[in-house]
Amino acid sequence: MNPPRSETLPLRSDEDLVRVRQAVRAWMVEQNFNLVEQTKMVTAASELGRNALVYGGGGSARLESPVDGGHGGIRVTFEDHGPGIADIAQALSNGFSTGGGLGLGLGGAKRLVKDFEIFSEPGQGTRVIITIRK
Amino acid sequence: MERIPILLVGEFLLVSIQVDLHDRLALALQDDLTTEVVKVRAKGVLIDISSLEIVDSFIGRVLGNIAALTAMLGANAVVVGMRPAVAITIVELGLDLSCLRTAINVDQGMAMLRLLLRPVASQGSDESAEK
Ligand SMILES: Nc1ncnc2c1ncn2[C@@H]1O[C@H](COP(=O)(O)OP(=O)(O)OP(=O)(O)O)[C@@H](O)[C@H]1O
Ligand SMILES: [Mg+2]
């Protein structure tokens, strides 16, 4: 069994977002998740990281393994201290965007990674946690 | 900033995305391709994404923009080489890329671009008109 570890990466630029995608990919590969699982997790991370960057004014992504005292699995927590989301259900619905996007990122990330939690408070910021278990 | 190289092959522009595509770079490619289509009067654009490990909502939107812009400028766009895992993920994400013309690889994409250039009358079963 691998020793517990974690890594926190900043999300302040487009390049940071690429580094977060690369880190999630590397952890997924290390734990032998298959190509489709890898691609879904990295794509979800890309959506959530971009939201933290664009709407949250920047933030961080924290990778952790193992999850819940198990033998493996990966948890990624995206955190920002931006304006937060007043209506989470609306933000999750397809096609809702305040930024001229497709409005797919948040709902799409939840479809890609079923274990999805979101916490947001107007004026406090947003935290989204995605987890894949072994 | 680095740029993704655009090659002119005959009357077509060819782009192979070999780097981790960050958002500004994707937008720069969109601008560069649009400018280049006009500059060299390209009849088609082929984008090879076989090295792309993900297509998320942003990259998907840029690919759609490129297709729409090239169409407006009288050229065709074909996206080739999408990985199966990427295709599966796109569908689950909810991204609709049905507006994109796609092909399996560069060869087939090129063949498609050439076919699209043939006058309507000579398309289909009438092969003799071309020979
Ligand atoms: N971290 C965040 N902080 C504040 N608001 C957010 C955050 N993430 C999402 N939102 C809000 O939720 C909306 C929906 O987000 P979602 O990612 O689904 O779509 P989008 O980013 O607008 O477009 P797309 O992701 O398809 O390019 C955003 O337009 C924004 O208003
Ligand atoms: Mg988004």
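Any value given below was found using the heavy atoms of this structure, including those in side chains, with hydrogens, waters and symmetry copies removed. Each chain gets a letter, A, B and so on, in the order its sequence line appears, and its residues count up from 1.
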Distance from [X] atom [atom1] to [Y] atom [atom2], nearest 0.5 Å?
{"X": "Thr39(A)", "Y": "Leu93(B)", "atom1": "OG1", "atom2": "CG", "value": "12.0 Å"}
{"X": "Asp14(A)", "Y": "Met1(B)", "atom1": "CG", "atom2": "CE", "value": "9.0 Å"}
{"X": "Thr43(A)", "Y": "Ile88(B)", "atom1": "OG1", "atom2": "CD1", "value": "11.5 Å"}

### Task
Please step through side-chain contact (heavy atoms from CB on, under 4.5 Å) for the pair Arg50(A) and Asp56(B), ending with a clear verdict.
CA-CA 10 Å; Arg50(A) 183 179 296 107; Asp56(B) 62 14; 2.8 Å; yes
Segment of [X] engaging chain B (4.5 angstrom heavy-atom cut-off):
{"X": "Ala44(A)", "value": "neither"}
{"X": "Val36(A)", "value": "both"}
{"X": "Gln22(A)", "value": "side chain"}

### Task
Determine which residues belonging to residues 8-26 of chain B lie within contact range of chain A, meaning some heavy atom pair is under 4.5 Å apart, and list them by number or answer 'none'.
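Only Asp20(B), Leu21(B), His22(B), Asp23(B), Arg24(B) of residues 8-26 of chain B have a heavy atom under 4.5 Å from chain A.
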### Query
Does NZ belonging to Lys114(A) count more than 12 external heavy atoms closer than 6.0 Å?
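Result for NZ/Lys114(A): enclosed.
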### Closest non-hydrogen atom pair, Leu35(A) against Ala85(B)
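That would be O-CB, 4.0 Å.
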#### Entry: Selection from Gly60(B), Pro84(B), Gly94(B) maximising heavy-atom pairs under 4.5 Å formed with chain A
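With the most close heavy-atom pairs to chain A, the winner is Gly94(B).
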### Donor + acceptor pair across side chains of Glu47(A), Ser57(B) (<3.5 Å)
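Note: Glu47(A) and Ser57(B) side chains meet the donor-acceptor criterion.
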